[in-house]
Amino acid sequence: MTDRETPEHLLKTKRGEPVTFLEAISEALFEEMTRDDSVFLMGEDIGVYGGAFKVTRDFLGHFGESRVIDTPIAEGGFTGAAAGAAHMGLRPVVEIQFMDFISPAYDVITNYIATSLYRGAGAMPLVIRGPVGGGNRGGPFHSQNVEMAFFHTPGLKIVYPSTAYDAKGLLKAAIRDDNPVIFEEHKGLYRAPALREVLPDEDYIVPLGEARTVREGGDLTIVTYGAMVHKCTEAADTLEKEDGVKVEVIDLRTLLPLDDDAVVESVKKTGRLLVVHEDTRTGGIAGEICMRVSERAFEWLDAPMLRVTAIDAPVPYSGSLEDYFLPQTDDVLTAARYLAAY
Amino acid sequence: MTDRETPEHLLKTKRGEPVTFLEAISEALFEEMTRDDSVFLMGEDIGVYGGAFKVTRDFLGHFGESRVIDTPIAEGGFTGAAAGAAHMGLRPVVEIQFMDFISPAYDVITNYIATSLYRGAGAMPLVIRGPVGGGNRGGPFHSQNVEMAFFHTPGLKIVYPSTAYDAKGLLKAAIRDDNPVIFEEHKGLYRAPALREVLPDEDYIVPLGEARTVREGGDLTIVTYGAMVHKCTEAADTLEKEDGVKVEVIDLRTLLPLDDDAVVESVKKTGRLLVVHEDTRTGGIAGEICMRVSERAFEWLDAPMLRVTAIDAPVPYSGSLEDYFLPQTDDVLTAARYLAAY
Amino acid sequence: MSRDSGDTYGLGNAELQDLYRALCLTRTAEERLELLQKQGHVTGGLYRSLGQEAGAVGAAFALRRRRDGTGDFLAPTVRAAGALFLFGGELVDFFRQYMARGTGPTRGREANVHWFDFTRGFVGPVSPLGTMIEVMAGITLSFKMRGEDRVGMVFYGDGASSTGAWHEGLNFAAVQECPLILMVENNQWAFSTPTHKNTRVGSFTEKGPGYGIGAESVDGTDVLAVFDAVRRASALARAGHGARMVELKYFRRRGHAQHDPQDYVDPELIAEWEKKDPLDLFRARMLEHGWATQDEITRIEQEEFEKCRVAAEQAIGEPMPEAEDAALDVYTDVHVDRPWTRAPDPTTRRGVQA
Amino acid sequence: MSRDSGDTYGLGNAELQDLYRALCLTRTAEERLELLQKQGHVTGGLYRSLGQEAGAVGAAFALRRRRDGTGDFLAPTVRAAGALFLFGGELVDFFRQYMARGTGPTRGREANVHWFDFTRGFVGPVSPLGTMIEVMAGITLSFKMRGEDRVGMVFYGDGASSTGAWHEGLNFAAVQECPLILMVENNQWAFSTPTHKNTRVGSFTEKGPGYGIGAESVDGTDVLAVFDAVRRASALARAGHGARMVELKYFRRRGHAQHDPQDYVDPELIAEWEKKDPLDLFRARMLEHGWATQDEITRIEQEEFEKCRVAAEQAIGEPMPEAEDAALDVYTDVHVDRPWTRAPDPTTRRGVQA
Ligand SMILES: Cc1ncc(C[n+]2csc(CCOP(=O)(O)OP(=O)(O)O)c2C)c(N)n1
Ligand SMILES: Cc1ncc(C[n+]2csc(CCOP(=O)(O)OP(=O)(O)O)c2C)c(N)n1
Ligand SMILES: [Mg+2]
Ligand SMILES: [Mg+2]
């Protein structure tokens, strides 16, 4: 089947053309499936339709029905089935149509999949990917971030890219990883024109577990990930221009395992930490980051560790409500200025 | 039905006899069901058998089949059904046989129940209770603590008592609360002889959201809850005797909403914070507590905020492994001494 | 068959015309929505029930619809707006919900048919499929516990039948003998997935026996056939025979949502089903059997069209919610603050201590 | 019926005696466990399959059991230890697991039959009921994808059939036509809950048609009847007819676990079922039809008893796991530290910076 020619829209990188965040993800899936016959896809409407967001458009024709499987509406069922296939040496990648709907698979992911290696069943090469995040007026069930549902479960890895380059490289790394990986794709980034970039033609991965310093600075460290990376760099630029404050922005990229070395190193340099996440506040990842910095770099802190997040509520549907709910660039500026002046 | 006489084993408090942690819970359920006809129970094997741990022993005979319902093995199904009954003004209390098995109900709890009021469906008076915790050689699926699966979900309350008095008062408050409450009962406390106490004969509640200062001290604050409260007070006594260090021990009792006022007030007094929880480390509640103290009392800190927890792994079955997995009194001592000397 | 007979199932002309009115309202309201969307007033997804209106209308018409909390109870889907209207869901609220207005029943927090009125007897669905079967099992359990003479009706799609929630909720209702009618909207598609990829059975009635409950299949384009089937099902439920399943057989003639061109569906198949349009079919029968005159029918159509125009206009004129409303009603008794960082707090500075 | 006929279903005396041996082994191993528990060697729960041994043994005997990763595949339950043994699960490992020994296949991390050997073809269950149906759906999907001539068999209880995981896994296997045999162990109880409180159907075979798969019920105390039913089911699965369900009808003659006195069960009912003891019944048939002599039977019983004694002795003598092992194998590539506080780290002190 792989002698079938590559679909038009997946040739952009080959041609040296810029790709969107979404196209980068499609390319990663396509290349890994081409490279390794044991990689296959399952999910709702990923075949003929090519997925709710068209990530797997034309994959069915290219790879055939046995490697691009349209499933019944049963996230627990097909994720559990993916675990079984992984036991047998296959490398399933399941798509959750909207990551909000990963919740019916919560049981099998946390109790079966995450514990599989520990219980003696060997490697569990399995990727669970799908769109997350708000700002699209999706309401309470099409806007969630799901990292904190799984961050507390040992055995899982969680990835949340912010650029097309990282999305492709991290997804390839996730597919080659022998541990179960939850891969979150912010739907606001999928087709964002600003994120289009030309990617290397040769095969590359971005290793899991390594944060990226987006922007260097000595006055304040902002730790963030996903769509917030772009709001934070925007705020950082403003601070540099308007306040002369030099902000270091760290993109975690992988949330679990957490690259606290990168965070601690930066905080030891700046003495000030602001964590920014789109997810709700209480129980958000900011807590764990703050805890680790307290454990490892307390003496370097010149100001309280603070956070800018969504408010503690379900994601409301109406635009006016959602904008209030979500953390905005101005909120980052307010908090950063407060810390810089501290 | 309520003219039926009270079962023998539920008369201890009436008679001024001490009750166990488990008996206190049984009394709370019994009294609330007697007080309010809209309170009813659902769960697996809670009827004829009286529940896996006998919390509802003899309830069936007293209240009848329509208020003590043996359900099919379907945690999501009967928890969702409880939500429907709550819409209609009933006040269901569902038992999860082992809280590890709450995971099939994760979807309905986080997406439906927790968001019900926000979505305009009104109050959701619903209690989900059951045994949690390790130390009983239960293995990965009969030993879990589940607070962090729900701590991140706005709209839920989470209660985790450590004494018979609190267990009864908090459960009564939870049943009378108009918000959904997850109520965790550490199975290691159920029949612990040391926890037997004489309870007030008159009706009382312990309000949700208020921590309790178990033990006062000016040198170090230990924040904890559940079974760890007893390990921490034990450690505190040792520290006082052997090191002359005065430790303040705070029992959170309610995890969500978190009583950070109590924590902050204590830390402003002691300048040192140690969080101790039986649950695993990464993504544990220690992070949120640390974050809030950083936000509100950073300038009072004289040492890094630290934590003693279980290690990041599934709960192993074998005793030697589980003892290593769980935080021990010695670990609390080590950390506390380190902080006291800091 | 029943289509050609003149059987009115005991309904008089007035009621038959009410049925037609409900069909018109559903169709016209959804067409108005499309217009509103083109005008940019509808933010989220837009779902049509084109070709399925008779299922929702006929079923709801067979139940007791009251406004005092003593009637039957409904859990609709986005494809059952017709049932929602019959249960007293206000047309203007329908538009407010789709346009995320602060004046709507969920004050802009939720969309489309996701709203509630327990007095009129309906509970809005959530998106996760299957959940409402569990919730309605509990709602109807409460009817049984309190000895209330009420039944519940829950709608769900062919695809939703694949969820574990559907199984757990249905099995609970069956074992507890809850007075619940399960309406499976078999429109032959789950988004782009044909029914045979969601189940290996040809008819969903084959699923009833596995739960020990009765099930029957009915032509979902025939409003009277649906009415009759559901009236019989509700009579059994009312008589204490527990849960029962009714399959509505029809076809989804539009995409899953407005953004779906449905290019995966054979156009000829759609054309086939256009011939079975529930409004056309019922209109023809009304005239054929003299249940209504052409004038009466035209008046009904004009009145419903006007209703929709007016309600839409009203909703358009109403404001979006106040931003701060986003932080209310997370708990009945706990206030949710805006993040602390937005208003630095003096008590956090040591110097400032009193 | 089949019980009285001399039909051996094509099995020779040697195989028939192997069947009896497997029944004996199961019974004796579990009795040995009880003894070990009384002696304080067994920490966790102890589950008996008393009266259900023929279901596990007859079913496993009908499949291809190999040790090179090309055979059929099993997911047992705690009540199907007999199947596990036939698939190559070592008796000594069984005791090691129950006694939480570090030398066991899960190195003391998991209990009882919760262990794995993909080469011999079995996957240990997890406690959450229903999950293994999903997992086995995927395992057998892989057989189909790779064109391997293998089938899978998953055991689960009557109560487990109430879980959403069961529904989602079974429906997936049915739609994908996975070569999976679903063995429902209908022992009429789920802990203290009688089957009629878990389902409204009398026989679980009524659930097959709802998924478009074949189902049959068999006397679970008749090892040959089970063998025959499963051999036919596996032949169909092998021939590409997809999933199939087999119900084992019998009775749980002991409590849910050792700690359950089972006082909620009518003692007369238990007495009734003691008359249908699968070992007694098969032994009688062996003698009646001359498939084995009394001496041969006695030898088998003594040999299995001795095997269990020896294996138990060996396991008892072996060590508990090293404590530090608790922190290994959480990830293939990420090391889990003991909490930092247990070994204060100089790099956290500013002065100490190099
Ligand atoms: C648990 C869950 N998974 C996925 C989705 C996404 N989704 C929304 S509607 C839909 C298709 C539903 O098909 P069907 O149940 O037949 O209803 P129809 O749209 O045909 O009326 C899907 C997959 C969801 N809402 N819930
Ligand atoms: C999801 C889930 N809920 C609850 C339990 C607790 N539990 C363990 S075994 C059992 C009864 C199982 O009955 P059945 O499936 O008939 O198997 P049997 O014990 O009769 O062989 C229950 C409720 C569980 N293991 N998983
Ligand atoms: Mg459909
Ligand atoms: Mg059973």
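Keep in mind that this is a model prediction, so the values were computed, not measured. Letters go in sequence order (proteins before strands), and every chain restarts at 1.
Of the listed residues D:Met320, D:Arg107, D:Glu110, the one with more heavy-atom pairs under 4.5 angstrom with chain B than any other is D:Glu110. Taking chain B as the reference chain and counting heavy-atom pairs below 4.5 Å, the highest number among D:Ser192, D:Ala327, D:Gly159 is found for D:Ser192. For the set D:Asp263, D:Asp325, D:Asp260, the entry with the most heavy-atom pairs within less than 4.5 Å of chain B is D:Asp260.
Interatomic distance, D:Met99 CE to B:Ser318 OG, rounded to the nearest 0.5 Å: 11.5 Å. Atom-to-atom distance recorded for B:Ile73:CD1 and D:Thr199:OG1 is 12.0 Å, nearest 0.5 angstrom. With rounding to the nearest 0.5 Å, the separation of OG1 in D:Thr163 from CZ in B:Phe101 is 11.5 Å.
Looking at every heavy atom in both residues, D:Val330 comes nearest to B:Ala313 through CG2-CB, 3.6 Å. Nearest heavy-atom pair across D:Lys197 and B:Pro72 is O-CG, 3.6 Å. The two atoms that bring D:Thr348 and B:Tyr342 nearest to each other are O-OH, 4.4 Å, heavy atoms only.
Contacts of D:Gln262 with chain B are absent, with no heavy-atom separation under 4.5 Å from either backbone or side chain. Both the backbone and the side chain of D:Glu324 come within contact range of chain B, each with at least one heavy atom under 4.5 Å from a heavy atom of that chain. Proximity to chain B (any heavy atom under 4.5 Å) is shown, for D:Ala165, by neither the backbone nor the side chain. For B:Thr282, no part sits under 4.5 Å from any heavy atom of chain D, backbone or side chain.
At a threshold of 4.5 Å between non-hydrogen side-chain atoms, the residues D:Phe191 and B:Gln97 count as touching. Counting only heavy atoms from C-beta outward, the side chains of B:Glu44 and D:Thr193 never approach each other to under 4.5 Å.
Counting non-hydrogen atoms of neighbouring residues, nucleotides and ligands closer than 6.0 angstrom, the CD atom of D:Gln39 exceeds 12 such neighbours.
Panel note: side chain B:Tyr317, backbone D:Thr106; no donor-acceptor pair is recorded below 3.5 Å.
Ring planes of D:His114 and B:Phe141: tilted class, angle from 30 to 60°.
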